[in-house]
Engineer: 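I am attaching a structure below and will ask some questions about it afterwards.
Note that these values count all heavy atoms, side chains included, but never hydrogens, waters or copies made by symmetry. We name chains A, B, ... by the order of the sequence lines, and we start the count at 1 in each one.
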2 protein chains.
Amino acid sequence: MNVQEAMQRLKEKGFKHTDKREDMLELFSNEKRYLAAKDVLESMQDKYKGLSFDTIYRNLSVFTELGILESTELDGEKKFRFTCSTDHHHHHLICLDCGKTKHIDECPMDLFPVKKEGFHIVGHKFEVYGYCEQCEVQRP
Amino acid sequence: MNVQEAMQRLKEKGFKHTDKREDMLELFSNEKRYLAAKDVLESMQDKYKGLSFDTIYRNLSVFTELGILESTELDGEKKFRFTCSTDHHHHHLICLDCGKTKHIDECPMDLFPVKKEGFHIVGHKFEVYGYCEQCEVQRP
DNA sequence: ATATTTGCAAAACGTTTGCATACGG
DNA sequence: CCGTATGCAAACGTTTTGCAAATAT
């Protein structure tokens, strides 16, 4: 998945091409890490003066519904990242400061059976948290 | 951990005994599942007419800081449950409807090495989500 | 007596919505 | 042109806060 493919998918689904959308996708494509809505706004409000949270949130929703972005909830905030191009199901090691990630290829659900006894399982979450080299050194 | 032990721990730390605190702990002790602040308020406002969210939230914080409750974030809400008495580190299978849980004794962190490369790891989260028997049948 | 706990009110925070206008195809 | 996208303002739900009154020890 890259910006071109993402814009193509938008077009196919009847969404329109706008510079803001393209720039949002560029941002995620460049950063390859988890960003909150406020991070997106911050990065873009130099170029787009009146840009507001509604537009950011609406586009984040659209992107996520189309599978262009994936999201997680960290510290009470929804965070988004470009969907990993790997088709292999995997998890992430996440920097709590900057949102940078590393892949974890193993999935716990494959490695041992969860005794479901009467539960209808619909999903799981496995994330490892830490601080990356850069953030670790400048931590308070 | 039971209600008596929890009240004892509060006392040791200089917190006062109040009926509301004891009843909150009774609730968690009886329910043994993840509850949101609003669930707690709902259960208690028959007995305590003027009871408000501030008190609930303040006490949830105190209980969590003292390790009496443990919390997770589900669907944008903080949810709390009585800390499992098991001393064995474990994870949970959680009903997305009622918050009921089952233990998962295995921890993915023990089962395979996460390649940390430069990350300073400080935590992890592994949760499996589903619907328990009761909630599954009455699902929309 | 004193410090903690509570209720009230208000605000914070991230997020979502209705509506009128602007803009892309 | 038509329908989508956007900005504005206002609301939302959850959680937090300052303050004065009530309560536990």
Engineer: Hey, is the side chain of A:Thr18 poking within less than 4.0 Å of OP1 or OP2 on D:dT6, counting only N and O atoms?
Structural biologist: yes
Engineer: Rounded to whole angstrom units, what separation is found between the NZ atom of B:Lys16 and the P atom of C:dT4?
Structural biologist: 7 Å
Engineer: Under the criterion side-chain contact (heavy atoms from CB on, under 4.5 Å), which of A:Val3, A:Thr55, A:Val40 is the partner of A:Met24?
Structural biologist: A:Val40
Engineer: What I want to find out is whether A:Lys79 reaches A:Glu73 closely enough, with some N-O distance under 4.0 Å, to be called a salt bridge.
Structural biologist: no
Engineer: Do B:Thr72 and B:Lys78 pair up side chain to side chain, a donor and an acceptor below 3.5 Å, judged on atom types alone?
Structural biologist: no
Engineer: Looking only at N and O atoms, is any donor in the side chain of B:Lys38 or the base of D:dG13 less than 3.5 Å from an acceptor on the other one?
Structural biologist: no
Engineer: Once the angle between the rings of B:His90 and B:His103 is folded into 0 to 90°, is it parallel (under 30°), tilted (30 to 60°) or perpendicular (over 60°)?
Structural biologist: parallel
Engineer: Run the salt bridge (Lys or Arg N to Asp or Glu O under 4.0 Å) test against B:Glu22 and tell me which residues pass, sequence neighbours left out.
Structural biologist: none
Engineer: Counting just side-chain N and O atoms, does A:Lys20 come under 4.0 Å of either OP1 or OP2 of D:dG7?
Structural biologist: yes
Engineer: Hey, mind stepping through A:Gln134 and A:Lys100 against side-chain contact (heavy atoms from CB on, under 4.5 Å) and telling me if it holds?
Structural biologist: CA-CA 10 Å; A:Gln134 292 93 305; A:Lys100 200 183 300 166; 3.1 Å; yes
Engineer: Output the residues of residues 49-80 of chain A in contact with DNA chain C, where contact means a heavy atom of the residue under 4.0 Å from an atom of the strand; sort by number or write none.
Structural biologist: A:Asp54, A:Tyr57, A:Arg58, A:Glu77, A:Lys78
Engineer: Taking CD from B:Glu22 and P from D:dA24, how many angstroms apart are they, rounded to a whole number?
Structural biologist: 13 Å
Engineer: For A:Asp19 and B:Lys11, find the nucleotide of DNA chain D closest to each by heavy atoms; which residue's nucleotide sits nearer the 5' end?
Structural biologist: A:Asp19
Engineer: Among A:His91, A:Arg81, A:Glu127, which residue satisfies the side-chain contact (heavy atoms from CB on, under 4.5 Å) criterion with A:Thr101?
Structural biologist: A:Arg81
Engineer: Rounded to whole angstroms, how far apart are CZ on B:Arg21 and C1' on D:dT25?
Structural biologist: 13 Å
Engineer: Take A:Asp23 and A:Leu27 through the side-chain contact (heavy atoms from CB on, under 4.5 Å) test and state the conclusion after the steps.
Structural biologist: CA-CA 6 Å; A:Asp23 281 1; A:Leu27 173 63; over 6 Å; no
Engineer: Look up atom CD in B:Glu77 and atom OH in B:Tyr34, then write down how far apart they are to the nearest 0.5 Å.
Structural biologist: 13.5 Å
Engineer: If you fit an axis to the five pairs at each end of the helix from C:dA1-D:dT25 to C:dG25-D:dC1, how big is the angle between those two axes, to 10 degrees?
Structural biologist: 30°
Engineer: For B:Met7 and C:dT4, give me the distance from atom CE to atom C1', rounded to whole Å.
Structural biologist: 13 Å
